[in-house]
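Here is the structure we will look at.
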Amino acid sequence: MTAPLVFSQGTGLLLAVILGIFFGLFLERGGLGNPHKLTGVFYLTDFTVPKVMFTAIIVAATGLYLLSDLKLLDMSRVWIVPTFFWPQLLGGALFGIGFVFSGYCPGTAVAGFASGRIDALVTMAGIGAGSFVFAILYPYIEGFYLSSPMDGATLPKVLGISHWFVMVFVYALAGGMFYLMERYERRN
Amino acid sequence: MKRNDFWSPYVAGAGLGLTLLATFTIVGWGLGASSAFSLLTGVGMSKLSPEYAQSLEYFSQYLNVKAPLMNWVLFEIIGLFFGALAAAHIGGNFKFKLDKGANMGNGTRLFTAFGGGILIGFASRLARGCTSGVALSGGAQLAVSGWIFVISMFIGGFIVAALFRMLWS
């Protein structure tokens with residue numbers, strides 16, 4: 001039997017709640033319900049966000065490709081986050097702007113609200129409003145929204161190199177960043 | 001445990017990574033967040049004005065299913081809320097407050113929280129997800145989407161932080 005497993009809808013939703021509980025637990029305990037820590041990287045005062053984010057990416061990516069190589073997980077049945085180059089480049093930049101203004105992203109706003117922050121609830125309402133604005137404008141921006149599709153493109157496939165070769169760059173990038181951030185924090 | 005005694009970001013990050021890996025392995029996709037907000041907005045709209053909600057083509061993906069609220073990301077977000085609530089209580093970190101930068105008034109904070117949220121909500125739809133669904137899940141899959149999003153998000157954030165120092169410092 002290879003993963004991912006197949007469940008009924010009810011079991012799937014129960015698993016969603018359980019996995020979500022762990023998601024929320026690690027976000028809050030990592031300090032990611034706190035907008036000062038969430039925005040610290042952009043002011044070079046607190047590097048919690050890149051440390052948590054790149055550690056999580058490294059752990060999950062290493063596990064994912066290891067399980068796939070060991071034939072314990074069928075990668076062709078894992079839904080790969082699709083790429084639409086230009087919309088995601090612009091979307092990412094707009095997202096970064098909104099992130100610094102509000103001090104949250106969608107998941108961390110929920111974690112912030114769960115730790116008693118009223119401003120996080122206001123941001124959650126804003127995210128709903130922003131989704132509504134998108135739905136209203138959708139007929140006018142549909143062309144751009146659907147432009148530059150690359151389906152489930154991954155860096156190893158696009159670059160035509162082994163996923164472990166890409167991972168070496170990811171390890172080096174994260175390791176280098178962690179080293180510089182720790183050194184900078186000690187100095188200040 | 002004393003207030004604000006958070007875990008090492010590397011420990012929290014490893015826990016988050018294992019949660020994401022478990023999600024890939026068990027259900028076959030990654031974690032998400034922003035689509036739950038879009039879904040709830042679409043469903044809320046359909047309760048207020050069914051005709052208007054149906055006229056918005058983008059929301060039809062949520063409304064033209066048998067039970068719109070039986071949604072995987074929505075249930076995951078409900079779990080996220082209770083996981084974070086428990087964690088905040090364990091850490092003695094739960095407190096009702098309007099959190100803001102040191103030099104910011106309450107009115108300004110409400111504006112930045114809501115306005116920033118609007119940008120995030122719009123940007124997440126354009127990018128097909130947010131820091132959870134695209135940056136973290138896509139990044140860990142080595143998907144092109146995840147890495148484009150991470151890079152442009154940091155560039156956008158650094159520019160705003162440089163132009164608006166008073167927001168958080």
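The sequence lines fix the lettering, A, B, ..., with proteins before strands; numbering per chain opens at 1.
- Taking 4.5 Å as the limit, every side-chain heavy atom of Thr25(B) sits out of range of all side-chain heavy atoms of Leu72(A).
- When side chains are defined from C-beta on, Leu126(B) counts as touching Leu90(A), because their heavy atoms get closer than 4.5 Å.
- Proximity to chain A is absent for every atom of Tyr62(B), based on heavy atoms less than 4.5 angstrom apart.
- Within the 4.5 angstrom heavy-atom criterion, no atom of Leu40(B) approaches chain A.
- Looking at Ala135(B), the atoms closer than 4.5 Å to chain A (heavy atoms on both sides) sit in the backbone and in the side chain alike.
- Taken to the nearest 0.5 Å, the CZ atom of Phe24(B) stands 9.5 Å off from the CG atom of Leu73(A).
- Leu18(B) CG to Thr55(A) OG1: the interatomic distance, rounded to the nearest 0.5 Å, is 11.0 Å.
- Both the backbone and the side chain of Ala14(B) come within contact range of chain A, judged by heavy atoms closer than 4.5 Å.
- Aromatic pair Phe178(A)/Tyr10(B): ring centres closer than 6.0 Å.
- No more than 12 heavy atoms of other residues, nucleotides or ligands sit less than 6.0 Å from atom CZ of Phe165(A).
- Surrounding CZ of Phe169(A) are at most 12 heavy atoms belonging to other residues, nucleotides or ligands under 6.0 Å away.
- For Val150(B), the part lying under 4.5 angstrom from a heavy atom of chain A is the side chain only.
- Heavy-atom distances place the backbone of Asn71(B), and not its side chain, under 4.5 Å from chain A.
- Here the straight-line distance linking atom CE of Met45(B) with atom CZ of Phe132(A) works out to 3.5 Å at 0.5 Å rounding.
- The candidate with the highest count of non-hydrogen atom pairs below 4.5 Å against chain A, out of Ala33(B), Gly156(B), Ala161(B), Ala12(B), is Ala161(B).
- Exactly one of Thr112(B), Val160(B), Leu119(B) qualifies for a side chain to side chain contact (heavy atoms under 4.5 Å, CB included) with Val100(A). That residue is Val160(B).
- Side-chain contact between Leu20(B) and Val59(A) is absent, with no heavy atoms from C-beta onward closer than 4.5 Å.
- Distance check: Phe6(B) CZ to Leu32(A) CG gives 8.5 Å after rounding to the nearest 0.5 Å.
- In this structure a side-chain-to-backbone donor-acceptor pair under 3.5 Å is present from Thr123(A) to Ala113(B).
- Phe154(B) and Phe42(A) have their aromatic ring centers within a separation under 6.0 angstrom.
- The aromatic rings of Phe81(B) and Phe113(A) sit tilted relative to each other, their planes meeting at an angle between 30° and 60°.
- Of the possible polar contacts, one joining the Arg29(A) side chain to the Asp5(B) backbone as a donor-acceptor pair under 3.5 Å is found.
- Of the two parts of Ile155(B), neither the backbone nor the side chain holds a non-hydrogen atom closer than 4.5 Å to a non-hydrogen atom of chain A.
- Ring geometry for Phe122(B) against Phe134(A) counts as perpendicular: the plane angle is over 60°, on a 0 to 90° scale with 30° as the lower cut.
- No close placement of the Phe101(A) and Phe111(B) rings is indicated, their centers lying 6.0 Å or farther apart.
- Side chain of Trp72(B) to backbone of Gly12(A): a donor-acceptor contact under 3.5 angstrom is found.
- Enclosure of atom CZ in Phe22(A) is not indicated, since only 12 or fewer non-hydrogen atoms of other residues, nucleotides or ligands lie within 6.0 angstrom.
- Between Phe23(A) and Ser132(B) there is a side-chain heavy-atom pair separated by less than 4.5 Å.
- Atom CZ of Arg128(B) sits about 4.0 Å away from atom OH of Tyr145(A), to the nearest 0.5 Å.
- A donor-acceptor pair is defined here as one N or O able to donate and one able to accept, closer than 3.5 Å; such a pair exists between the side chain of Gln88(A) and the backbone of Ala127(B).
- Contact annotation: the side chain of Cys130(B) never approaches that of Cys105(A) to less than 4.5 Å [non-hydrogen atoms, C-beta and beyond].
- With contacts defined as side-chain heavy-atom distances shorter than 4.5 Å, the pair Leu15(A)/Ile26(B) qualifies.
- For Tyr43(A), the parts lying near chain B are the backbone and the side chain together; criterion is any non-hydrogen pair under 4.5 Å.
- Distance alone, capped at 3.5 Å, is enough to place a donor-acceptor pair between the Ser145(B) side chain and the Val81(A) backbone.
- Using a distance-only test at 3.5 Å, with no hydrogens or angles considered, a donor-acceptor pair links the side chain of Gln141(B) to the main chain of Trp79(A).
- The CG atom of Asp119(A) lies 8.5 Å from the CG atom of Leu110(B); values are rounded to the nearest 0.5 Å.
- In this structure the side chain of Ile57(A) reaches within 4.5 angstrom of the side chain of Leu136(B), judged on heavy atoms.
- Only the side chain of Arg109(B) comes within contact range of chain A, with at least one heavy atom under 4.5 Å from a heavy atom of that chain.
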